[in-house]
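Structure record follows, encoded as structure tokens.
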Amino acid sequence: MNDEPHLIITIDGPGASGKSSVARRIAQALGVPYVSSGLLYRGAAYQVLRYGVDPEDEEAIVRLLNEHPIRLEPDTDGNHVFAGGEDLTPHLHTARVDRVVSAVARHPRVRAYVNERLREVPPPFVVEGRDMGTAVFPRAPYKFYLTASPEVRARRRARERPEDAAEIEKMLRLRDERDAKQSKPAADAQIIDTSELTLDQVVGAIMRYLPGGLGAKDK
Ligand code: DC
């Protein structure tokens, strides 16, 4: 395990709760890498689509990931997912990937594959996802869970996607249901409702929980 005594900050929450933007900003403030676990699931989903594998077929997906491994390159500003030498990142935030990613992420062996990739990342870092504070880095010293109403999340996502807000809200609710199992807050996480907060306010709220000088001394 690489999750102690190093600095790992986990930021979990449902889709479009703001966790990616917040995690990136916290990482920048601390000068440590930002790690997006969702991007690895998106990378797996993209491979499934590209190679025409059935998203319900766990065995076939695991075989695919072993034959065509994906890897995450985290840094402070953003993350890239590669398959071999190819950067998949530009294809990962699309409605097409949104539609299959929950089905792919539901399989325990796919989750184990992604978790292994995440645990290879050397701390310190800020990591965001659904189960970072519970399943993947349970001993992380700083854990946060962001929530927001489905309406607010749909509005936020509509700014990033060409579809209309009603369709996006429908898809988000569907994904919430499918992702619910791995989306519970850790018992020791600080829960922050971001519905009425700006990005700066959420970042400020999290920074207040972190001791001053963090990052610089742990790097
Ligand atoms: O955070 P995101 O929307 O990029 O995540 C994409 C999908 O991956 C989401 O539908 C749920 C899944 N996911 C997961 O199951 N566990 C994680 N730790 C992160 C993402």
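Read the numbers this way: they start at 1 and go in the same order the structure lists the ligands and their atoms.
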### Message
Does only the side chain of Asp131 get under 4.0 Å from ligand 1, or the backbone, or both, or neither? Count heavy atoms.
### Response
both

### Task
Give a yes or no on whether a salt bridge exists between Arg157 and Glu169, defined as a side-chain N under 4.0 angstrom from a carboxylate O.
no

## Note on the structure
If we number the atoms of ligand 1 from 1 as shown, the ones under 4.0 Å from a heavy atom of Gly38 are 4 (O), 5 (O), 19 (C), 20 (C)

### Task
Heavy-atom contacts with Gly129 under 4.0 Å: which atoms of ligand 1 show up? List them by number with element.
18 (N), 19 (C)

### Summary
protein heavy-atom neighbour closest to atom 19 (C) of ligand 1 works out as Ser37 OG, 3.4 Å

### Query
Which ligand 1 atoms does Met132 reach within 4.0 Å, using its non-hydrogen atoms?
18 (N)

### Query
Taking the non-hydrogen atoms of Arg106, is any one of them nearer than 4.0 angstrom to ligand 1?
no

### For atom 11 (C) of ligand 1, the protein heavy atom that lies nearest, with its residue and separation
Asp179 OD2, 3.3 Å

### Query
Can we say Lys184 and Asp131 salt-bridge, meaning some charged N sits less than 4.0 Å from an Asp/Glu carboxylate O?
no

### Query
Are any of the N or O atoms of Glu128 closer than 3.5 Å to those of ligand 1?
no

### Task
Report the C-alpha separation of Arg63 and Val53 in whole Å, then their side-chain angles, then the decisive distance to 0.1 Å, and conclude whether the side chain to side chain contact (heavy atoms under 4.5 Å, CB included) test is met.
CA-CA 10 Å; Arg63 207 176 320 120; Val53 170; over 6 Å; no

### Query
Measuring from the heavy atoms of Gly15, does anything fall under 4.0 Å of ligand 1?
no

### Subset of ligand 1 atoms that lie under 4.0 Å from at least one heavy atom of Ser102
10 (O)

### Heavy-atom nearest neighbour in the protein, as seen from atom 4 (O) of ligand 1, with distance rounded to 0.1 Å
Arg42 NE, 2.8 Å

### Message
Any heavy atom of Arg111 closer to ligand 1 than 4.0 angstrom?
### Response
yes

### Query
Of all the non-hydrogen atoms in the protein, which one sits nearest to atom 12 (C) of ligand 1, and at what distance?
Ala105 CB, 4.0 Å

### Query
Does any donor atom in the side chain of Gln28 or Arg25 lie under 3.5 Å from an acceptor atom in the other side chain?
no

#### Entry: Protein contact to atom 1 (O) of ligand 1 [nearest heavy atom, distance to 0.1 Å]
Arg130 NH1, 3.0 Å

### Query
Which atoms of ligand 1 sit under 4.0 Å from any heavy atom of Val101?
7 (C), 8 (O), 10 (O)

### Task
Name all residues meeting the side chain to side chain contact (heavy atoms under 4.5 Å, CB included) criterion together with Ala105; count only those two or more places apart in sequence or in a different chain, and write none if there are none.
Tyr41, Arg111

### Query
Going by the angle between their ring planes, with limits at 30° and 60°, are Tyr51 and His68 parallel, tilted or perpendicular?
parallel

### Message
Whether Arg106 and Glu58 form a salt bridge (side-chain N of Lys/Arg under 4.0 Å from carboxylate O of Asp/Glu) is what I want to check.
### Response
no

### Task
Group every Ile, Leu, Val, Met, Phe, Trp and Tyr by side-chain heavy-atom contacts under 4.5 Å, then state whether Val100 and Val81 land in the same group.
yes

### Query
Among protein heavy atoms, which lies nearest atom 9 (C) of ligand 1, and at what distance?
Arg175 NH1, 3.1 Å

### Summary
Paired with Glu128, the side-chain hydrogen bond (donor to acceptor under 3.5 Å, both in side chains) test is passed by just one of Ser20, Ser37, Ser21, namely Ser20

### Query
Is there a donor in the side chain of Ser195 and an acceptor in the side chain of Asp193, or the other way round, less than 3.5 Å apart?
yes

### Query
Based purely on interatomic distance, does Tyr41 place a nitrogen or oxygen under 3.5 Å from a nitrogen or oxygen of ligand 1?
no

### Query
Arg156 side chain to Ser17 main-chain N or O, any donor-acceptor pair under 3.5 Å?
yes

